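Naming: A, B, ... by sequence-line order, numbering from 1 per chain. All values below were derived from every heavy atom in this structure, side-chain atoms included, with hydrogens, water molecules and symmetry-related copies excluded. The shown structure was predicted, so the numbers you read here are calculated from the model rather than taken from an experiment.
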Amino acid sequence: MSILRKVKQIRELGRLRSEARTSPTPGTIGALAERFIALGRTEDAHRVAEAGLRRFPTSERLLAVSTFAKKQRLTAEITSLKREMGERPTPAVYSRLADIYRELGNFEQALSICEQCVERFPLNENPYLIIGEIRLTRFLQDQIAFDGLTAEKQLRRVVKLNDQNMKAHLLLAWLYHCIGAAEETKAHVQSALRLTPENPELEKFLRELETRPQAFENALEPVASEEDEDWDPLDDDPSIEDLVRAVETRGGFRNRPETCPASRLLPSSIGGPTARLDVEGLKRNLRDVGHRPGVSNALILDRDGEILADCSQTDGLTRKQFSDLVAEILKTSEDASRRMDVGTFHWCTVEGAFGGIAINRVKSISVGMKFDTSLRPDRAQTLLDEFAARNLTAPAEVTRA
Amino acid sequence: MRKILKGLNEVVGIRGSMVISDDGMVVASCLGRKLDEERVAAMASSVVMSTRRALERHGIRNFSRFTLSSSHGKMIFNDTGIAYLVVVMDKNIDLGPTEIEIESAAMRIRAMGEMRLSSQ
């Protein structure tokens, strides 16, 4: 490579690094990571993308770069394992391959490999453990009952096959603790302690479970169903299934996941605390989005569909009309995601002759925008992505108007 | 139509595709092993009809495409003019190039419908 070309590359890299440092957004960090990939520096690309994802966990661009970099690293091993699966299949081969797919975020493929392993080796605990772990990770992230119930079923299968499986006991303790099943939590913590008798963190947790169970509870009140105002799924000795379904209904856990030591003893990704909002700041910044050429409506809704901020132009829908429309499209999208077992809704775009409507969801906050045909839908989605990244993922003091 | 869907499914990251009529009936389907036809059809029909109703209530005629991204997958609902093409995809798929393939499949399905109408 010529010296001139090398100097140009170094300058370009320096410029991208500086942009990512002074104005960190999924766009600037993604551009830096992609440059590293173009230069063949996949480790650096992965490191930058992962750092970006810690800050902007829902950024698809960063996720794509991180996954690509990881895949480059693991391709040789995937090829070798697939060959072994064809020639000399063993539970260890299946498990390692499933683990790799899980690391790459390809949960569907990981689950498929585990199911193949279950068919061939039904008495081996590893595939059930991996399925349980994947489903529990999804339950902790998305709070969807199906994931929680499947995780419980698979992990119980593991301990039935092998009661000495420490990881399964810890995962079950974690699951039961999050949903508020105190007796089941204690039972599995005690089992884990029998396997590792001198674990001060687990011992302390067990003591607290026995003496001060309410210390872990979050502030969420039970949510009544629409049919019966007095209904509380957690009255009258609820079953495990009731408790898991209550998590989905309430949109939150009975006990905070990070209060269980399993969250520190096991590697996992737990969603961080909900971003706290500066509503006045949101209103100011939403105006920038709402006044862009081509945009006729922009708004932000909270978990309950209440308008936190709104910017409607005279040629757009009224504030009420647009918030109703966004709420309906949101509900449709959330239902579809749940029914298809594809996790929680992140974003959607509805395009037509009128232009389009783009909606992003970050934790419990939804941002919606209506635009005309002068704005490309992918550009509209990027605008919302950047708005959400700047305003809804950096922690700030809460002030609610 | 099934041949078009089969060709579409060969694109990396596409898990299955289906064509449903305006009133939610399955016209053709080619779904991956893990996708249940009834469940996908019910979901797709619900999305198409709910979205159309919501738009109509606010004076917006119809949509040509609905793209939905969730934490573990993506879906596209594309109006071909005679029916809706529904595509279920992996989460990590790069939408840009895939949308070209989906648009191409939608155009071929539209052309099939126009040919059938003109021959009646």
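- Residues passing the side chain to side chain donor-acceptor pair (under 3.5 Å) test with B:D23 are B:S21, sequence neighbours excluded.
- Note: A:C348 leads A:S112, A:C348, A:G356 in heavy-atom pairs under 4.5 Å with chain B.
- Chosen from B:G73, B:S71, B:G59, B:S50, the residue pairing most often with chain A at heavy-atom distances under 4.5 Å is B:S71.
- Heavy-atom pairs under 4.5 Å with chain A were tallied for B:L55, B:D90, B:T51; the largest tally goes to B:L55.
- Scanning both residues, A:L330 and A:S366, for their nearest heavy atoms gives CD1-OG, 3.3 Å.
- Atom OG1 of residue A:T318 and atom CG of residue A:N297 lie 8.0 Å apart, to the nearest 0.5 angstrom.
- Residue A:I359: no heavy atom, backbone or side chain, is found under 4.5 Å from chain B.
- At a 4.5 Å heavy-atom cutoff, the contact between B:I60 and chain A is made by side-chain atoms alone.
- Heavy atoms closer than 4.5 Å to chain A are found in the side chain of B:V88, but not in its backbone.
- Contacts between A:T67 and chain B at a heavy-atom distance below 4.5 Å involve the side chain alone, from C-beta outward.
- Contacts between A:L317 and chain B at a heavy-atom distance below 4.5 Å involve the side chain alone, from C-beta outward.
- For A:F345, the parts sitting under 4.5 Å from any heavy atom of chain B are the backbone and the side chain alike.
- With a 4.5 angstrom heavy-atom cutoff, B:A42 touches chain A via backbone and side-chain atoms both.
- Considering every non-hydrogen atom in both A:G132 and A:A151, the closest pair reads O-CB, 3.6 Å.
- Looking at A:K370, the atoms closer than 4.5 Å to chain B (heavy atoms on both sides) all sit in the side chain, from C-beta outward.
- Using cut-offs of 30° and 60° for the angle between ring planes, the B:Y84 and B:F63 rings count as tilted.
- Between A:L325 and B:A54, the closest heavy-atom pair is CD1-O, 3.6 Å.
- Looking at B:R61, there are no atoms closer than 4.5 Å to chain A (heavy atoms on both sides), in backbone or side chain.
- When each of A:D341, A:L136, A:L140 is tested with A:D147 by the rule side chain to side chain contact (heavy atoms under 4.5 Å, CB included), just one qualifies, namely A:D341.
- Two residues are said to be in side-chain contact when any heavy atoms from C-beta on lie closer than 4.5 Å; A:F322 and A:L299 meet this criterion.
- Other residues, nucleotides and ligands contribute over 12 non-hydrogen atoms within 6.0 Å of the CE atom of B:M49.
- Neither the backbone nor the side chain of A:E334 has a heavy atom closer than 4.5 Å to any heavy atom of chain B.
- Proximity to chain B is limited to the side chain of A:E328, based on heavy atoms less than 4.5 angstrom apart.
- Neither the backbone nor the side chain of B:R53 comes within contact range of chain A; no heavy atoms are under 4.5 Å apart.
- Minimum heavy-atom separation, A:I130 to A:A98: CD1-CB, 4.0 Å.
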